Structure formats: structure tokens, C-alpha cells
Amino acid sequence: GVSHVLTLVLQELSLLCKKDINGVGMLYDLLRSRWLQALLKIYECLQLYLGKRPVPVTLQARALTREVIELLREAPPSGEVKELRRLLRAPHLKAALLSAHDTVAQKDFEPTLPPLPDNIPENEEAMRIVCLVKNNQPLGATIKRHEITGDITVARVIHGGLADRSGLLYAGDKLVEVNGVPVEGLEPEQVINIL
């Protein structure tokens, strides 16, 4: 899929990087970035889901059951026909199972995102809310104060740590709040104590 193509492109770019052609190093770094890799994995999962998602055979199982019961009235009487009619008339099948089937079959379970507001300025920054559940293990990221803005940012994400495995934190991310506590004006050491 897409990941395989990206791997082949990266192999080609690594050869060009050694030749130091303008812009190739930046492109190579971009294509190797963890966020792009994660985005491509999500894309492939969504494509797989769209290709395999189950589709109900009918949206109206209750109506189909009534039709079958009518047809069974005309069928020659046998033990199997009587048993099937009894099963199809059972209240738990009619009221619960078939009703639930029809309700689920008619719903659209596709993910929906809320529409973006029309009045967002072009230079507006995006904000993500990240939730990491930490046990006794360390977060696996270091933080620092940005020299120019004074913001607390993620300095480094340690490979294999909780932050790295989650794929939710990246070097350069600005911390606004930690565990409900605003970090503006705090020293990195104070933020570490909150973490």
C-alpha cells in the first residue's frame, strides 16, 4: 500500500541525500517524520475499513419476517415449518432482535467531524488535546522553555517511551496545560512536577 511506496521513495531519497542535492534532505526528513508515518497508517486503516465494512442484507428484517410467516401458512405442514413459524413469532425475536437489527442497519456509523467555523484566520494555530495515561513508567519526553517565546515545549521524545509509543507528542509541541493546570509562566521544573 501507501507505506510500501513511501519506503521505496525513502530509499531513493537516501541515495540522493548522499549526493547533497538541494532540498532533498528536507524532503527526506519530511517523509521520515513520525506524524506523516502515523497519518499514512491511519489512511491505510480507513481504506481497509471502507473496503471490508459489512453491509446489512436487508434494512427491514421485521417486514421480511412477516412475509416469511405468511408464506409458511401456505406451505405443507411439517415439523420444521411449525418450528420455524413458532420461532419467528416468538416475542423476543420479533421485538428485540429484529427491531435492534433494523435500527442498527438503518444507522450510519461513519465517523463525522464537526464543520470548521467559517471565520478562522489563516494564521490560526491548531491545538490538540492529548491524554496519556501514565503508570509508574516515565513519560519518555523532555521539555524546555523556548528561548524566544518563553513557551514550555517538548524538547525531545525518547524512542520507545510512553510518548513515543502513543504517537501523540512531538518535539516542538507547545504545552498549554498539564493535568488541568495552565503552564504559562511556570518553569520547566515546575511542569515536570505536575507531570
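Atoms considered below: every heavy atom in the structure, side chains included; atoms not considered: hydrogens, waters and symmetry mates. From a predicted model like this one, the values you see are computed outputs, not experimental measurements.
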Donor-acceptor list for residues 146-155 side chains, cut-off 3.5 Å, not counting sequence neighbours:
unit_1, atom_1, unit_2, atom_2, d
H146, ND1, I148, N, 3.1
H146, ND1, T149, N, 3.1
H146, ND1, T149, OG1, 3.3
T149, OG1, D151, N, 3.2
T149, OG1, D151, OD2, 3.1

Pairs of donor and acceptor atoms involving the side chains of residues 188-195, under 3.5 Å and at least two apart or interchain, shall be tabulated with distances.
unit_1, atom_1, unit_2, atom_2, d
Q190, OE1, E187, N, 2.7
N193, ND2, E189, O, 3.4

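- Linking Ile, Leu, Val, Met, Phe, Trp and Tyr residues whenever their side-chain heavy atoms come within less than 4.5 Å leaves L71 and L87 in two separate clusters.
- The salt bridge (charged side-chain N to carboxylate O under 4.0 Å, His left out) analysis of residues 162-173, with sequence neighbours excluded, yields the pairs R34-D164, R128-D173.
- The side-chain contact (heavy atoms from CB on, under 4.5 Å) search around V81 returns L72, A75, S78, R85, not counting sequence neighbours.
- Between A163 and G140, the closest heavy-atom pair is CB-O, 4.1 Å.
- A search for side chain to side chain donor-acceptor pair (under 3.5 Å) contacts involving E74 returns nothing, not counting sequence neighbours.
- Here E83 pairs with R86 under the salt bridge (charged side-chain N to carboxylate O under 4.0 Å, His left out) rule; sequence neighbours left out.
- E70 is linked by a side chain to side chain donor-acceptor pair (under 3.5 Å) to R73, counting only residues two or more places apart in sequence or in another chain.
- Considering CG of L169 and CD1 of I158, their distance stands at 11.5 Å, rounded to 0.5 Å.
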